[in-house]
Student: 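Okay, handing you the structure first.
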Amino acid sequence: MHEPQDDTLLAGAATRRAFLGAAGCCLGGMLAAPLSAEENKQSLAVRPYARYADVLDPIRNRGHRLRVLTAAPDQSPIVAVRAGGKKLPAIFISAGAHSTEHAGVAAAVELIDQLQTDHQVWIIPTRDPIGLNGYRYALSLGLGQPAEIDSLEAAEALLRKQGEVLYDSNGTLLASIGEYGYANRGLYRQVDKGAKFLDALRGRRIYFPSRSDDMPG
């Protein structure tokens, strides 16, 4: 396996809330050695995560090896980090499956150094690098250039102007741009999964925003 290259870690721009990072450290504290007040202050100083590189850089700076398992569609490396001892069976921990749930990502990063066990520990700190980088970043993948948006309304206008609109009804907008689909909301229970307009996106990824200004992802 090889070390991830920094030039694959493209920056996103989604808003983050500090309390999400705090929640992550609280979650980590339930399983790890307790932190002193100063250690806890230093730990929270690296929160919240604004982009995927913000997750990997602290791990790398602590001297851990990032083992590349595979890559996301944008070629961001999905990595695992080994911690703990040598005893088997190993413990497997993963986080970041849902891009709006940064607490788990923060906890996974802290557990690399704080979890005290004789067992091998393998941690995947983020399973969805694109989601963590945010909707604006996801849009840039289809556009081939940065997405100049600062609100959901601006995103909807961009989808209508630069995308091929596949569905636009009852407050739900879906368009294709490049190799991807983009919606203005989650499609679960919004459209029939067998709808004909979805045929153009079969086998492709569809990205949508959290729709909340105080949530990441």
Side-chain angles (χ1 to χ4, degrees), residues 1-2 4-14 49 51-53 55-56 66-80 92-102 104-105 108 122-149 152-212 215-217:
M1 296 186 180
H2 62 280
Q5 300 299 310
D6 289 339
D7 59 4
T8 65
L9 305 177
L10 304 179
Y49 299 121
R51 57 183 186 143
Y52 187 43
V55 177
L56 299 189
L66 304 178
R67 293 170 166 85
V68 178
L69 303 179
T70 186
D74 67 339
Q75 298 307 304
S76 291
I78 297 177
V79 304
F92 171 69
I93 299 171
S94 70
H98 300 148
S99 62
T100 57
E101 298 172 1
H102 280 204
V105 176
W122 291 91
I123 297 175
I124 299 178
T126 301
R127 290 164 54 186
D128 180 14
I130 294 176
L132 190 143
N133 277 336
Y135 189 63
R136 176 155 51 178
Y137 172 75
L139 270 170
S140 74
L141 300 180
L143 293 169
Q145 61 186 23
E148 300 298 333
I149 58 171
L152 181 58
E153 291 73 21
E156 292 174 346
L158 185 150
L159 294 182
R160 291 189 175 96
K161 180 178 180 180
Q162 300 195 42
E164 178 185 352
V165 175
L166 304 175
Y167 183 80
D168 189 358
S169 180
N170 299 320
T172 298
L173 173 64
L174 173 65
S176 64
I177 301 177
E179 295 297 316
Y180 307 105
Y182 297 95
N184 65 341
R185 65 173 68 236
L187 300 182
Y188 181 63
R189 292 185 176 178
Q190 300 294 325
V191 299
D192 183 355
K193 65 179 181 180
K196 188 66 176 176
F197 63 83
L198 291 174
D199 288 349
L201 295 175
R202 290 194 183 279
R204 301 187 183 188
R205 291 173 181 255
I206 300 175
Y207 298 104
F208 59 90
S210 67
R211 296 183 65 83
S212 297
M215 291 181 67

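Note that this is a predicted model, so its numbers are computed, not measured.
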Student: Roughly how far, to the nearest 0.5 Å, is CG of L166 from CG of L173?
Tutor: 9.0 Å
Student: Can you confirm whether more than 12 heavy atoms, excluding those of R202, are under 6.0 Å from its CZ atom?
Tutor: yes
Student: Of all heavy-atom pairs between R205 and P73, which one has the smallest distance, and what is that distance?
Tutor: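 In terms of heavy atoms, the two residues are closest at NE-CG, 3.0 Å.
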Student: Can you give me the closest heavy-atom contact between R185 and T172, atom names plus distance?
Tutor: CD-OG1, 3.2 Å
Student: For D168 versus R160, what's the shortest heavy-atom pair and its separation?
Tutor: OD2-NE, 3.0 Å
Student: Hey, could you give me the OG/CG distance between S169 and L174, rounded to the nearest 0.5 Å?
Tutor: 12.0 Å
Student: Which pairs would a plain distance check flag for residues 124-132, meaning a side-chain donor or acceptor within less than 3.5 Å of a matching protein atom at least two apart in sequence or in another chain?
Tutor:
residue : atom : partner : partner atom : Å
D128    : OD1  : G131    : N            : 3.0

Student: Enter the distance from L152:CG to E156:CD here, rounded to the nearest 0.5 Å.
Tutor: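 It comes to 4.5 Å.
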Student: Does N184 reach the main-chain N or O of G171 with its side chain, forming a donor-acceptor pair under 3.5 Å?
Tutor: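 Checked: pair present.
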Student: Does a side chain donor of either S76 or D74 reach within less than 3.5 Å of an acceptor in the other side chain?
Tutor: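 Per modelled atom types, S76 and D74 side chains form a pair under 3.5 Å.
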Student: Go through the steps for Y137 and R51 under the test side-chain contact (heavy atoms from CB on, under 4.5 Å), then give the verdict.
Tutor: CA-CA 9 Å; Y137 172 75; R51 57 183 186 143; over 6 Å; no
Student: Give me the one residue out of Y135, Y207, F208 that meets ring-ring contact (aromatic ring centres under 6.0 Å, His included) with Y180.
Tutor: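 Only one of Y135, Y207, F208 forms a ring-ring contact (aromatic ring centres under 6.0 Å, His included) with Y180, namely Y207.
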Student: Does R136 reach the main-chain N or O of I149 with its side chain, forming a donor-acceptor pair under 3.5 Å?
Tutor: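 Yes.
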Student: Locate the shortest heavy-atom distance separating S176 from L201; write the atom from each residue and the value.
Tutor: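 Taking every non-hydrogen atom into account, CB-CD2, 3.9 Å.
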Student: When rounded to the nearest 0.5 angstrom, what is the spacing between CD1 in I177 and OG in S140?
Tutor: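 Spacing of CD1 (I177) from OG (S140) equals 10.5 Å.
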Student: Using every non-hydrogen atom in the two residues, find where L69 and A80 come nearest and quote the distance to one decimal.
Tutor: CD1-CB, 3.8 Å
Student: For a quick test of reading the model, state the closest non-hydrogen atom pair linking Y49 to V105 and the distance between them.
Tutor: CE1-CG1, 3.7 Å
Student: With rounding to the nearest 0.5 angstrom, report the CD1 to CD1 distance, I93 to I123.
Tutor: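 I93 CD1 to I123 CD1: 4.5 Å, rounded to 0.5 Å.
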Student: Do V165 and L159 have side chains that approach each other closer than 4.5 Å (heavy atoms only, starting at C-beta)?
Tutor: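 In short, these two side chains do not touch, never coming nearer than 4.5 Å.
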Student: Test your reading of the model: is there a side-chain donor-acceptor pair from Y182 to the backbone of A155, 3.5 Å cut-off?
Tutor: no
Student: Report the distance from atom CG of N170 to atom CD of Q190, rounding to the nearest 0.5 Å.
Tutor: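 The distance works out to 8.5 Å.
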Student: Under the ring pair (Phe, Tyr, Trp, His ring centres under 6.0 Å) rule, collect the residues that match up with F197, sequence neighbours excluded.
Tutor: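 F197 satisfies ring pair (Phe, Tyr, Trp, His ring centres under 6.0 Å) with Y167 only.
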